[in-house]
Amino acid sequence: MILKAEEIIEKSILSYGFGYGKYKINFDFREYHYQLEQNDYNYLYSRQKISKNKKIFDIMTSDEKLKRFENDILVFLEDSIQSVYSNSLNSVIYFFQLPKPLQDRAVNPILLDPIEIEGNEYWTLRITFDEEGGGNDFQDEFRYWINKENYHIDYFAYNYLTDGGGTRFRKAKNLRKINGFLFQDYINYKPQEKINSLDSLPLLFEKDSLEILSIIENKNIKVEF
């Protein structure tokens with residue numbers, strides 16, 4: 001069966017349950033508690049933590065830029081600092097909701113040759129972004145390896161330019177179903193030497209030539225409709 005990149009993305013989104021138009025999800029990642037609300041094409045992202053007896057709360061929506069509150073008092077943020085906090089919040093939500101963000105208007109998906117990883121067959125998607133609507137990291141490039149049997153994202157990789165740039169490869173783990181949605185955590189790897197092609201990463205992974213950087217774990221996930 002020959003599928004287009006957009007059709008593979010659609011099937012993957014449905015396999016994870018993110019085809020719903022409206023939902024609210026709470027979860028914990030590292031020191032923050034996150035909440036995302038999706039209402040068709042509108043969203044609300046927020047996070048909060050207690051630091052040195054101070055409650056820090058960040059919130060951004062599809063209509064308003066990020067605001068920060070400390071002990072419920074609005075804090076003035078320079079544009080550069082606001083951008084840092086916004087990118088940080090958006091990044092966590094982006095990866096948490098995969099593969100749903102692959103349908104964003106600024107996404108340019110291209111179907112590459114299929115490959116085999118650890119004995120399974122995968123579609124290979126190359127993802128780039130338009131400058132308009134692609135965010136501050138529009139120059140980043142991604143690869144997603146989507147399982148041909150169940151349309152799960154078992155592996156993905158990306159090149160990024162911020163903070164000096166780098167390359168990451170992630171392997172999914174701990175897949176679980178919660179109230180109709182599938183969620184997964186990741187083992188986060190990096191190459192031992194600088195590489196130019198994301199397509200070489202699966203082979204390096206199978207040769208055990210990647211270095212584990214961290215474990216990406218989302219905890220205490222709750223889904224509401």
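Numbers for residues simply follow the sequence, beginning at 1.
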*Between Gln48 and Gln35, does any side-chain donor sit less than 3.5 Å from a side-chain acceptor?*
no
*Answer yes or no: does atom CD of Glu31 have more than 12 heavy-atom neighbours from other residues, nucleotides or ligands under 6.0 Å?*
yes
*When the ring centroid of Phe205 is compared with that of Tyr189, is the distance short of 6.0 Å?*
yes
*Phe129 vs Phe142 aromatic rings, parallel, tilted or perpendicular, using cut-offs 30° and 60°?*
perpendicular
*Answer yes or no: are there more than 12 heavy-atom neighbours, outside Lys49 itself, under 6.0 Å from its atom NZ?*
yes
*asked:* Could you work out, with salt bridge (charged side-chain N to carboxylate O under 4.0 Å, His left out) as the rule, every residue matching Arg176, not counting sequence neighbours?
replied: Asp185
*Can any side-chain N or O of Ser214 pair as donor or acceptor with the backbone N or O of Asn188 at less than 3.5 Å?*
no
*Around atom CG of Asp79, are there more than 12 heavy atoms of other residues, nucleotides or ligands at under 6.0 Å?*
no
*Check Ile215 against Arg30 and note the closest heavy-atom contact, atom names and distance.*
O-NH2, 4.3 Å
*Is Glu193 atom CD crowded by more than 12 heavy atoms from other residues, nucleotides or ligands, each under 6.0 Å away?*
no
*asked:* Among Phe27, Tyr158, Tyr144, Tyr186, exactly one meets ring pair (Phe, Tyr, Trp, His ring centres under 6.0 Å) together with Phe95. Which residue is that?
replied: Tyr158
*asked:* Can you confirm whether the side chains of Asn220 and Asn26 place a donor and an acceptor under 3.5 Å from each other?
replied: no
*Determine, using ring centers only, whether Phe96 and Phe183 are less than 6.0 Å apart.*
yes
*Check the surroundings of atom CZ in Phe225: do more than 12 heavy atoms from other residues, nucleotides or ligands lie under 6.0 Å from it?*
yes
*asked:* Can you confirm whether more than 12 heavy atoms, excluding those of Lys173, are under 6.0 Å from its NZ atom?
replied: yes
*Who pairs with Lys52 by side-chain contact (heavy atoms from CB on, under 4.5 Å), at least two apart in sequence or on another chain?*
none
*asked:* Around atom CG of Asp40, are there more than 12 heavy atoms from other residues, nucleotides or ligands closer than 6.0 Å?
replied: yes
